[in-house]
Asks: 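My structure is below; once you've seen it, I'll send some questions.
When reading the values below, keep in mind they use all heavy atoms of this one structure, side chains included, and skip hydrogens, waters and symmetry mates.
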Amino acid sequence: MKKYLMLTIVLMCMIAQGTLLTSCGKEDDQRVNPTPKEYFTLWNQCEALTTLKAYVEDVTNPKSSNYIGTEDRIATFDMDGTFIGELYPTYFEYNLLEYRALDDPSYKYTAPDDVREAAQNIRDFVRYGTALPDHFDMIHARAAAKAYAGMTLTEFDTYVKAYAATPANGFKGMTYAQSFYKPMLEVFDYLKDNGFTYYVVSGSDRFICRSLVESLGIEPNKVIGMDVCLSSNEQGDNVGVDYTMGKDEYLVRTDSLIIKNLKTNKVRQISQEIGKIPVLSFGNSSGDCAMHNYCLSNQKYRTATFMLVADDDARDHADLAEGARREAKWREAGYTVISMKNDFKTIYGYGVEKTDFTFNSEH
């Protein structure tokens, strides 16, 4: 009796561990393989997608002569107009400065004030079509440095996120914080799963970028952008090399601009902060050409560059004539073109609708 009891116990253990063989067919004995992860569900089949997938498959194949180790799989992404909206009706950081200087009652100024002047330039541009002054990117950068001077980094992060939580002008069903190009987020996912490290390299303020991409899980040290000097709250006019910050002090923004991160400045910052030449680069404007060309200059590895064109005036606010000019220019330069109209099944996600622009004191 004891022998049968022991046999029963052994059989039950074998069944529980899955080691008991049965007379079932081989098909029944095989384990079910997990369903492979599906990528690019928000893309149409297109040249850009085919090019990207073929590139990644090649350089991640250990048997390929173009194989790149994970340590050198570096990709750089512009932000505005590349994976986040910029046509509502202009850059997020421009809209933020307009609000800060002209609508925020906490902003203190004395006339004449070049911050408010720059903000008024933006307002006149977006509402009345008035041309922005020459070299406005630098005018804005200097004004923005002054506009937020004295804020701690936490205060500024909170300020940016509060504005980003407001409805995106020109759209229904979306805030600024949600205004990512959803198909481009799938590119991040695909590259990450294939061992790439990607960096955001933007002309916008570094700390604005950090606030906006935090929800994507992009670490702060993977963000490069326009920079202003930081200072200890007790440092005063002392230069940093002569001043020792105390443990109870904290950093604040100053009104001193370090760099506007556009064109060749992007290359400079990539070299200084990353220390490697990227093998993949994504952008949307002339401010990204130097970054792309730097990528293409990589003599060690196969590279690829992509330019996104805003050519969809049904789902987004697009200048079709300008989009056509850019597409021709990017193709001539050897960049692969991504068409928002033809390549994306959706831009901002289903349920988001393009509307007319509305302007009020709260927006």
Asks: Would you mind telling me which of Lys329, Arg325, Arg331 makes a salt bridge (Lys or Arg N to Asp or Glu O under 4.0 Å) with Glu327?
Replies: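 Passing option: Arg331.
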Asks: Check the side chains of Tyr163 and Asn95 for a donor-acceptor pair under 3.5 angstrom, ignoring hydrogens and angles.
Replies: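 There is no such pair between these side chains.
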Asks: Take Thr50 and Gln45 through the test side chain to side chain donor-acceptor pair (under 3.5 Å) and record every step on the way to the result.
Replies: CA-CA 7 Å; Thr50 299; Gln45 288 302 315; 4.6 Å; no
Asks: Please indicate whether Phe306 has more than 12 foreign heavy atoms, meaning atoms of other residues, nucleotides or ligands, lying under 6.0 Å from its CZ.
Replies: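 Counting other residues, nucleotides and ligands, CZ of Phe306 exceeds 12 neighbours.
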Asks: Which residue pairs satisfy the side-chain hydrogen bond (donor to acceptor under 3.5 Å, both in side chains) criterion with at least one member in residues 307-316, sequence neighbours excluded?
Replies: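 For residues 307-316: Asp311-Ser339, Asp312-Arg315, Asp316-Tyr348.
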Asks: State which residue, out of Arg100, Arg206, Lys260, fulfils the salt bridge (Lys or Arg N to Asp or Glu O under 4.0 Å) condition with Glu93.
Replies: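 With Glu93 as partner, Arg100, Arg206, Lys260 yield a single salt bridge (Lys or Arg N to Asp or Glu O under 4.0 Å), made by Lys260.
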Asks: Run through the side-chain heavy atoms of Ile, Leu, Val, Met, Phe, Trp and Tyr, join any pair under 4.5 Å, and report what else lands in Val228's cluster.
Replies: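 Its cluster mates, by chain and number, are Met138, Met226, Leu257.
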Asks: Using links of under 4.5 Å between side-chain heavy atoms of ILVMFWY residues, direct or through other members, which residues join Val309 in one cluster?
Replies: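 Members besides Val309, by chain and number: Leu296, Met307, Trp330, Tyr335, Val337.
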Asks: Keeping to residues at least two apart or across chains, list the ring-ring contact (aromatic ring centres under 6.0 Å, His included) pairs with something in residues 191-247.
Replies: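 As it turns out, the ring-ring contact (aromatic ring centres under 6.0 Å, His included) pairs with a partner in residues 191-247, which skip direct neighbours, are Phe188-Tyr198.
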Asks: Keeping to residues at least two apart or across chains, list the side-chain hydrogen bond (donor to acceptor under 3.5 Å, both in side chains) pairs with something in residues 128-142.
Replies: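 For residues 128-142, and leaving out neighbouring residues, there are no side-chain hydrogen bond (donor to acceptor under 3.5 Å, both in side chains) pairs at all.
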Asks: Mind checking what makes side chain to side chain contact (heavy atoms under 4.5 Å, CB included) contact with Arg302, not counting sequence neighbours?
Replies: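 With neighbours one apart ignored, the set is Tyr55, Asp58, Val59, Asn66.
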Asks: Judged by modelled atom types alone, do Asp193 and Tyr39 share a side-chain donor-acceptor pair under 3.5 Å?
Replies: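 The criterion, which ignores hydrogens and geometry beyond distance, is satisfied for Tyr39 and Asp193.
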Asks: Are Phe156 and Tyr148, when compared by the centres of their aromatic rings, separated by less than 6.0 Å?
Replies: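 Centroid separation for Phe156 and Tyr148: below 6.0 Å.
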